Amino acid sequence: MSQPTAAVDAAPATMRAVVVTRPGGLDALEIKDVPVPVRKPGWVRIRVKAFGVNESEVTTRKGESDAVVTYPRVPGIEGVGVVDEADEDSELRPGQQVATMMGGMGRSYDGAYAQYVTVPAAQVIPFETGLPWEVVGALPEMFQTAYGSLTTGLDLKAGQTLLIRGGTSTVGLSAATIAKDLGATVLSTTRSPERAGGLRTAGVDHPLVDSGTIAEQVRELMPEGVDAVLELVGCSVLADTLRTVRRHGTVCFTGALAGQWTIPDFTPFMIPNGVRLTSYGGQAADLPADVLARQLQAIAAGSLEVPVAKVYHGLEQVRAAQADVESGTTPGKHVVVLPTITPTTPQRAEPI
């Protein structure tokens, strides 16, 4: 059996965590003192420094997730921090900066809304950066989903045209920056005309106001249709989205911001001739460490923007963060930072 490598300062017996004790409103999010999770062989214990707050965690809190979610549950599908304990043969060492996400985290087992979290080693991505934790904490799920959708889902190439439907979501904004970095021409949608400028700031070439149908607008810009579409709004608009794509182009279904995941009386013949429909729902391994490293370097150099909407300090502000995410009034990532000195002292993710 692999021997563990542990931090010099042993973890305490208990920690503070946000626990969803039952499905419900914001009052279902309770801060509790709970035992520090015991690491299993093949798993890694991480001291959490920051985590993003996502729509899926709102869904978990409201009891609208699938049956894999049970209660009580510590939510949080992503987090960044430093290794506290790992198997000796895992090549992970105490104090090493790491990111983790997905894989049932915060759903079938306790997640990152806590001071410590344990996750399988396969979904831990090491990195080194001097960027603030509030920036790094915005990235894991957002970058993994956006990057995986564009590569695994769409195989996007330089010179191609990409439509992002649901462009002001965190994944949509991130996908726009990554696609531009890949050399694509990007069209992206928003339901609010006042947000079109924000899309341009993110690098979008052609912001489009989505009234429920956009195929005609897209065809005016690209008469033969776009090469690829990242669908984030969902099944309620999928038939219209499919009409925006050229023959042999691809639509990747990744999200359902509108809340509709199925199509009543679906028939494959609703897909236009020669158009390809696929989906993406990947895991941490779909974001290679070298890709994350390049993104961090680009952010540090100022050539890649991170759409952070708001930063919250401490578990006490998780309710406020979820309320802001649920309202949908502020596009971008909402990030909670867990201070280790004082809440008002800036913390940088210095390599240890």
Side-chain angles (χ1 to χ4, degrees), residues 52 54-60 64-66 77-78 101-107 123 138-157 160-182 184 186-191 199 202-204 208 210 214 218 226-245 249-263 266 270-271 275-288 291-292 295 307 325 328 331-333:
N54 301 283
E55 289 90 349
S56 69
E57 293 142 10
V58 173
T59 299
T60 292
E64 297 173 357
S65 297
D66 54 34
I77 63 170
E78 64 175 324
M101 73 213 79
M102 312 299 279
M105 179 180 175
R107 291 169 51 78
Q123 67 182 64
L139 305 180
E141 184 271 345
M142 180 173 65
F143 267 10
Q144 178 265 324
T145 304
Y147 180 80
S149 297
L150 297 182
T151 55
T152 302
L154 291 169
D155 195 25
L156 190 69
K157 305 296 185 185
Q160 290 188 321
T161 51
L162 168 72
L163 168 65
I164 303 170
R165 193 153 195 185
T168 56
S169 65
T170 56
V171 172
L173 292 168
S174 181
T177 61
I178 295 172
K180 290 300 296 180
D181 187 56
L182 290 172
V186 179
L187 299 76
S188 189
T189 72
T190 175
R191 290 175 298 172
L199 291 177
V204 171
L208 304 175
D210 189 346
I214 59 169
V218 172
V226 294
D227 297 302
V229 180
L230 173 55
E231 177 58 77
L232 299 172
V233 174
C235 290
S236 59
V237 298
L238 184 58
D240 180 62
T241 296
L242 287 163
R243 290 193 290 271
T244 68
V245 188
T250 304
V251 174
C252 179
F253 187 102
T254 294
L257 295 171
Q260 184 177 329
W261 292 91
T262 59
I263 300 175
F266 171 81
M270 69 174 282
I271 304 172
V275 171
R276 297 163 178 147
L277 174 62
T278 186
S279 65
Y280 178 76
Q283 302 297 332
D286 292 341
L287 180 63
V291 172
L292 178 59
Q295 303 291 348
V325 169
K333 196 76 177 190

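Numbers here are sequence positions counted from 1. None of the values given here were measured: they were computed from a predicted structure.
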Are any of the side-chain heavy atoms of [X] and [Y] separated by less than 4.5 Å?
X	Y	answer
Thr151	Leu156	no
Val233	Gln260	no
Leu187	Val226	yes
Leu199	Thr168	yes
Leu150	Tyr280	no
Leu238	Ile263	yes

Run the side-chain contact (heavy atoms from CB on, under 4.5 Å) check on Leu208 and Thr190 step by step: do they pass?
CA-CA 6 Å; Leu208 304 175; Thr190 175; over 6 Å; no

Got a sec, which residues hit salt bridge (Lys or Arg N to Asp or Glu O under 4.0 Å) with Glu231, two or more places apart in sequence or on another chain?
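Partners of Glu231 by the salt bridge (Lys or Arg N to Asp or Glu O under 4.0 Å) criterion come out as none, since no residue qualifies.
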
Between Glu78 and Lys333, is there a salt bridge with N-O shorter than 4.0 Å?
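Yes.
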
Do Lys157 and Asp227 sit within salt-bridge range, that is, some charged N less than 4.0 Å from a carboxylate O?
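Judged by the 4.0 Å cut-off on N to carboxylate O distance, Lys157 and Asp227 do not form a salt bridge.
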
What's the shortest heavy-atom distance between [X] and [Y], and which atoms?
X	Y	value
Ser279	Cys252	C-SG, 3.9 Å
Ser169	Leu232	OG-CD1, 3.6 Å
Leu163	Ser188	CD1-N, 4.4 Å
Leu230	Leu162	N-CD1, 4.0 Å
Pro307	Leu173	CB-CD1, 3.6 Å
Pro288	Tyr147	CD-CE2, 4.0 Å

Main-chain N/O of [Y] paired to [X] side chain as donor or acceptor, under 3.5 Å:
X	Y	result
Thr189	Gly166	yes
Thr152	Ser149	no
Gln123	Met102	yes

Measuring from atom [atom1] of [X] to atom [atom2] of [Y], what distance do you get when rounded to the nearest 0.5 angstrom?
X	Y	atom1	atom2	answer
Leu154	Thr278	CG	OG1	8.0 Å
Thr59	Arg107	OG1	CZ	9.0 Å
Met101	Glu141	CE	CD	8.5 Å

Give the intermediate values and the outcome of side-chain contact (heavy atoms from CB on, under 4.5 Å) for residues Ile178 and Gln295.
CA-CA 9 Å; Ile178 295 172; Gln295 303 291 348; 4.1 Å; yes

Do Arg165 and Thr241 get their side chains close enough for a donor-acceptor pair, meaning under 3.5 Å?
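Short answer, yes.
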
With no hydrogens and no angle check, just 3.5 Å: does a side-chain donor-acceptor pair link Ser65 and Thr60?
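Per modelled atom types, Ser65 and Thr60 side chains form a pair under 3.5 Å.
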
Residue pair Cys235, Phe253: steps toward the side-chain contact (heavy atoms from CB on, under 4.5 Å) verdict:
CA-CA 9 Å; Cys235 290; Phe253 187 102; 3.8 Å; yes

Test side-chain contact (heavy atoms from CB on, under 4.5 Å) applied to Thr145 and Thr254, step by step
CA-CA 8 Å; Thr145 304; Thr254 294; 3.5 Å; yes

